[in-house]
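Only one structure is covered here, and it is reproduced in the block below.
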Amino acid sequence: MSGEVNLNFEVKAGNVFDLQKKKKILQDFSRLDMEDQERIEQIMINPKAREALKKNWNLLKSMF
């Protein structure tokens, strides 16, 4: 199956600016290749991976 689908779900945000940013992030994520989405999913579901990402963020950020 290819194409587009519209999804409706609730997103929690502290204010309207955070909500707009989260909406943009989700839209950008939806445009990534499936392979990239799966890599990000592995980080999202693995607490150790998220902690390592936080710990090494400055190093990772300097790489791109």
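One-based numbering along the sequence shown.
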Only distances under 3.5 Å count here; give the side-chain donor-acceptor pairs of residues 50-64 to other protein atoms, sequence neighbours excluded, each with its distance to 0.1 Å.
residue	atom	partner	partner atom	Å
Arg50	NH1	Met44	O	2.5
Asn56	ND2	Ala52	O	3.1
Ser62	OG	Leu59	O	2.7

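Taking Ile25 as the reference, Lys21 meet the side chain to side chain contact (heavy atoms under 4.5 Å, CB included) condition, with sequence neighbours excluded. Qualifying side chain to side chain contact (heavy atoms under 4.5 Å, CB included) partners for Val11, counting only residues two or more places apart in sequence or in other chains: Phe9, Leu19, Lys22, Leu26. Taking the salt bridge (Lys or Arg N to Asp or Glu O under 4.0 Å) definition, one finds that Asp36 meets it with Arg39, sequence neighbours left out. With sequence neighbours left out, the side chain to side chain contact (heavy atoms under 4.5 Å, CB included) criterion links Asp28 to Lys24, Arg31.
The backbone N or O of Glu35 sits nowhere less than 3.5 Å from a side-chain atom of Asp33 that would complete a donor-acceptor pair.
Hydrophobic cluster membership of Met34, counting Ile, Leu, Val, Met, Phe, Trp and Tyr whose side-chain heavy atoms lie under 4.5 Å apart directly or via other members: none, as it forms a cluster of its own.
Shown here for Gln42 and Ala49, the closest heavy-atom pair between the two residues is O-CB, 4.4 Å.
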